[in-house]
Chemist: 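First the structure, which I've put down as structure tokens, then a few questions once you've had a look.
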Amino acid sequence: MLADVADRDHLFQQYVLHAPSELDVQQALKGLFYEVGSSAPFPKAAAAVRTLTTDDHILLGTDLPYAPPAAVRANIHRIRGGEYLEEPSLTQLCHGTADTLFPRLHP
């Protein structure tokens, strides 16, 4: 996962090259936007993404039509039940970030 890559890069820069990197990988990853699918593996993989960035850089994708509908429904219930996060981050995940990224598509 990307969090592992960021940690490994930091250790490599510090202990192998013995020099600071010109590129702060963790800061670069923090500025990206991430889609987390509501099928599997969720919510543990999605929680790992939250270690890289803030909630306003994460959006939910249903993975339909490729994910089995039963898996999507089960994970949506888990998300709505607070297993992943609670309001207001839940609203941000479900449509807030997408509204920000794609304002012309917002009704």
Side-chain angles (χ1 to χ4, degrees):
M1 190 102 187
L2 286 176
D4 294 336
V5 171
D7 289 341
R8 286 175 186 251
D9 176 73
H10 176 74
L11 290 172
F12 182 79
Q13 291 294 329
Q14 186 175 4
Y15 295 107
V16 176
L17 298 180
H18 303 290
S21 174
E22 292 182 20
L23 172 65
D24 184 345
V25 173
Q26 291 179 335
Q27 191 63 30
L29 292 174
K30 184 176 183 175
L32 298 177
F33 287 86
Y34 299 87
E35 180 266 345
V36 292
S38 63
S39 61
F42 197 94
K44 290 183 176 100
V49 172
R50 292 182 81 200
T51 68
L52 293 173
T53 192
T54 55
D55 288 344
D56 63 337
H57 278 72
I58 304 171
L59 59 149
L60 178 69
T62 62
D63 293 341
L64 284 173
Y66 305 104
V72 173
R73 276 192 301 277
N75 281 320
I76 294 293
H77 287 292
R78 292 168 69 190
I79 294 166
R80 293 180 73 202
E83 188 173 327
Y84 174 62
L85 45 81
E86 296 179 6
E87 291 295 348
S89 296
L90 181 59
T91 299
Q92 185 71 41
L93 174 74
C94 292
H95 62 81
T97 302
D99 291 347
T100 301
L101 287 173
F102 308 105
R104 296 176 74 194
L105 300 178
H106 184 69

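Only this structure's heavy atoms are used, side chains among them; waters, hydrogens and symmetry mates stay out.
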Chemist: Run Thr100 and Asp56 through side chain to side chain contact (heavy atoms under 4.5 Å, CB included) and show every step you take.
Modeler: CA-CA 9 Å; Thr100 301; Asp56 63 337; over 6 Å; no
Chemist: To the nearest 0.5 Å, tell me how far Thr51 OG1 sits from Leu29 CG.
Modeler: 9.5 Å
Chemist: Mind checking whether Phe33 and Leu105 sit in one hydrophobic cluster, side chains of I, L, V, M, F, W, Y counted as touching below 4.5 Å?
Modeler: yes
Chemist: Given Leu32 and Leu52, is the side chain to side chain contact (heavy atoms under 4.5 Å, CB included) satisfied, shown in steps?
Modeler: CA-CA 9 Å; Leu32 298 177; Leu52 293 173; over 6 Å; no
Chemist: What pair of heavy atoms forms the shortest contact from Lys30 to His57, and how long is it?
Modeler: O-CD2, 3.9 Å
Chemist: Do you know which of Thr97, Asp55, Thr54 makes side chain to side chain donor-acceptor pair (under 3.5 Å) with Gln92?
Modeler: Thr97
Chemist: Do Phe102 and Leu60 land in one hydrophobic cluster if side-chain heavy atoms of ILVMFWY residues count as linked below 4.5 Å?
Modeler: no
Chemist: Look up atom CG in Leu93 and atom CD in Glu35, then write down how far apart they are to the nearest 0.5 Å.
Modeler: 9.5 Å
